[in-house]
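The structure under discussion appears below in the form of structure tokens.
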Amino acid sequence: MQPPRTILHVDMDCFYVSVERLHDPSLVGRPVIVGGPPNSRGVVASASYEARAFGVRSAMPCSQAHRLCPDAVFVSSGHGRYSEYSRKVAEALRTMSPLVEMASQDEAYLDMTGTERLWGSPVQMGERTREAVRRETGLPCSIGIGPNRMVAKIASGLCKPAGMLWVPAGCEAEFLRPLAPGEMPGVGTKAQERLRALGIGTIGQIQDLGAEGCRQLFGPHGEELWRRACGESSAVVGHDEAVKSVSNETTFDRDSADAEFLAGVVAHLSEKVGGRLRAAGLLARTVTLKYRYAGFETHTAARTLDAPTCDDRVLRRTALELLESRRTPDRPLRLLGVGGTNLLAEGEGQLDLLGAPADDEKRRKLLGAIDAVRDKHGFSAVQTAASRREEERG
DNA sequence: TCTGGGGTCCTAGGACCC
DNA sequence: TCTGGGGTCCTAGGACCC
């Protein structure tokens, strides 16, 4: 039996709102909603606690948020600031432990095992971590502490905002007992519905079923569910892993079945994906297209290429062929997405070693030049005719 | 009420190969 | 004529997370 670990889960408090408040202090103390404009098709990305008091939640349509809280200040997201602050948070956290895993832009796991001499008790570790984040970024966070990732994460969720909660080793099961199953990561709306239909409304009820009971009720994954309900989780805190897919998608302001418009959107998205692949030094072997009809019916289509690519033109041609062969022509679409999966690091592909034809070399230089201009002047500085037309409409 | 955009992981069927 | 078992890859859809 190994000695228990000490895991911290650091969760930034309404991250986007807090970042916006640093840049515009007049937002402090007011209900703030970061997301799309109130009458757009956007959803709430982050809401301040003043807005949450009116029932506003993240992922809620902006129009609904506006109805619930008419006085809220709507701030459009995506100034590119958030990644910058996310990096600062990561830097601050790495001064506390070498084992830091950013789970997303606004949350991280730290394995603090063995740092007691340096930082003191788990609660002192938490205090000092919060101080480090505040000092380096000016941003508030909540901290959950437990013997594993899952318990630490649930703890941080319960003590928000600006809170701290420590669940000592051995107390996991008692801590989880009264909570709703949905508090467990991985148990979403669908799973919770199924549990509710069985009369299960607390994690304690899952514990009481026992390993065997859970297996009978939930099949092969039942035992895993039971173990997690008891507070066991073996996932270690690791370093950030390689990306597995790169995609861009967009919902139109109004639904459209116009072939030329749709082709323009596909071109635009393909250029974005291609640019991101090249910036990351990646090649995609599979191109995916996502399309959603007006009624929200969503489909994906994929094609695996003979040769991996990061070329906008290949991405566009493939996505366009998929779109035109699959979609029902007169049915309006509300969303299109283009993505690359099955990724290889550039140079990993063996085909390149055979010597690229001169044409490919020319193309590569052109794309390199485009990327350089975009680096300096922004994405819109260079676009194909088709994607330019699309941008002008939108 | 009317549903963003970026991801990860899982499942399941079919093709194909040995 | 009736028919294996295992493995991998591809594709589509869906649950879930922030």
Side-chain angles (χ1 to χ4, degrees), chain A residues 9-17 33-47 55-68 74 76-78 80 82-83 86 89 101-109 149-150 153-154 156-157 160 181-195 219-221 224 235 240-253 255 265 269 272-273 276 280 285-306 318 322 325-326 334-343:
Chain A
H9 182 253
V10 178
D11 203 336
M12 305 306 293
D13 295 330
C14 44
F15 180 57
Y16 294 174
V17 170
I33 293 170
V34 176
N39 291 314
S40 69
R41 285 179 147 179
V43 299
V44 175
S46 178
V56 175
R57 295 288 177 270
S58 59
M60 176 183 277
C62 288
S63 51
Q64 190 186 355
H66 183 58
R67 269 194 305 278
L68 288 171
F74 281 78
S76 72
S77 54
Y82 309 133
S83 327
S86 184
V89 169
E101 180 183 332
M102 291 301 290
S104 70
Q105 275 195 327
D106 71 339
E107 61 177 299
Y109 294 94
R149 292 170 61 117
M150 183 190 68
K153 177 166 171 65
I154 295 175
S156 75
K160 290 181 122 329
E183 297 286 346
M184 288 192 285
V187 178
T189 45
K190 299 286 175 181
Q192 233 176 332
E193 259 171 44
R194 285 201 302 273
L195 290 166
H221 297 317
E224 173 67 14
D240 311 334
E241 284 184 21
V243 297
K244 299 198 163 63
S245 68
V246 172
S247 67
N248 282 86
E249 65 185 55
T250 183
T251 296
F252 319 140
D253 290 338
D255 305 334
V265 175
L269 294 170
K272 285 198 162 171
V273 172
R276 290 175 59 201
R285 223 160 66 71
T286 304
V287 179
T288 62
L289 172 82
K290 178 171 168 181
Y291 56 105
R292 176 174 287 159
Y293 288 110
F296 221 70
E297 178 188 320
T298 308
H299 299 272
T300 58
R303 180 181 300 162
T304 297
L305 308 166
D306 292 334
T318 311
L322 288 168
S325 65
R326 306 295 178 89
R334 62 145 42 217
L335 168 145
L336 278 176
V338 173
T341 63
N342 233 331
L343 303 181

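To find a chain, count down the sequence lines: A is the first, B the second, and so on, and within it residues start at 1.
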Proximal nucleotide (of [options]) relative to the [X] side chain:
X: A:T286; options: B:dC2, B:dG4, C:dT11; answer: C:dT11
X: A:E107; options: B:dC2, C:dC18, B:dT3; answer: C:dC18
X: A:R303; options: C:dA12, C:dC16, C:dT11; answer: C:dT11

Any side-chain N or O of [X] less than 4.0 Å from the OP1 or OP2 oxygen of [N]?
X: A:S245; N: B:dG6; answer: no
X: A:S104; N: B:dG6; answer: no
X: A:H299; N: C:dG13; answer: yes
X: A:N248; N: B:dG5; answer: no
X: A:R194; N: C:dA15; answer: no
X: A:R285; N: C:dC9; answer: no
X: A:H221; N: B:dT11; answer: yes
X: A:T251; N: B:dG5; answer: yes
X: A:T250; N: B:dG5; answer: yes
X: A:R292; N: B:dG4; answer: yes
X: A:R326; N: C:dA12; answer: yes
X: A:K190; N: C:dC16; answer: no

Whole angstrom value for the distance that separates [atom2] of [N] from [atom1] of [X]:
X: A:H66; N: B:dT3; atom1: NE2; atom2: P; result: 15 Å
X: A:L335; N: B:dT3; atom1: CG; atom2: P; result: 12 Å
X: A:N39; N: B:dT1; atom1: CG; atom2: P; result: 15 Å
X: A:F74; N: B:dG4; atom1: CZ; atom2: P; result: 15 Å
X: A:I154; N: C:dC18; atom1: CD1; atom2: P; result: 11 Å
X: A:N342; N: C:dC9; atom1: CG; atom2: P; result: 9 Å
X: A:L322; N: C:dG13; atom1: CG; atom2: P; result: 12 Å
X: A:Q105; N: C:dC18; atom1: CD; atom2: P; result: 13 Å

Give [X] one of three labels, base, sugar-phosphate or nothing, depending on what nucleic acid heavy atoms sit under 4.0 Å from its own.
X: A:S58; value: nothing
X: A:V187; value: sugar-phosphate
X: A:S77; value: nothing
X: A:K153; value: sugar-phosphate
X: A:A45; value: nothing

Between A:K160 (side chain only) and A:M12 (backbone N and O only), is there a donor and an acceptor less than 3.5 Å apart?
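Present.
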Among [options], find the residue that satisfies the side-chain contact (heavy atoms from CB on, under 4.5 Å) test when tested with [X].
X: A:T251; options: A:L336, A:V43, A:L335; value: A:L335
X: A:R334; options: A:Y293, A:F296, A:Y291; value: A:F296
X: A:I33; options: A:V56, A:V17, A:L68; value: A:V56

Paired nucleotide for B:dC18 [Watson-Crick or G-U wobble; both distances under 3.5 Å]
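B:dC18 is paired, partner C:dG5.
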So, are A:E101 and A:R149 salt-bridged, with charged N and O less than 4.0 Å apart?
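Salt bridge flag = yes for A:R149 with A:E101.
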Check the angle between the aromatic planes of A:Y109 and A:H9 and answer parallel, tilted or perpendicular using the 30° and 60° thresholds.
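The rings of A:Y109 and A:H9 sit tilted, inter-plane angle from 30° to 60°.
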Looking at NZ of A:K153 and CE of A:M184, how far apart are the two atoms once the value is rounded to the nearest 0.5 Å?
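Reported value, rounded in 0.5 Å steps: 13.5 Å.
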Quick check for you: to the nearest 0.5 Å, what is the distance between A:K244 atom NZ and A:N342 atom CG?
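One gets 12.0 Å once the value is rounded to the nearest 0.5 Å.
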Roughly how far apart, to the nearest Å, are C:dC18 and B:dC2 at atom P?
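Rounded to whole Å, the distance is 26 Å.
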Say we look at B:dG14 and C:dG4: how far apart would their P atoms be, to the nearest angstrom?
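Their P atoms lie roughly 16 Å apart.
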Mapping A:S247 and A:A59 to their closest nucleotides on DNA chain B, which lands nearer the 5' end?
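Of the two residues, A:A59 wins.
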Closer to the 5' end of DNA chain B via nearest nucleotide, is it A:K244 or A:R334?
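Taking each residue's closest nucleotide, the earlier one in sequence belongs to A:R334.
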Between the base of B:dC2 and the ring of A:F296 - centre-to-centre under 5.5 Å, planes within under 30° - is that a stack?
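It does not: the two rings, one from A:F296 and one from B:dC2, miss the stacking criterion.
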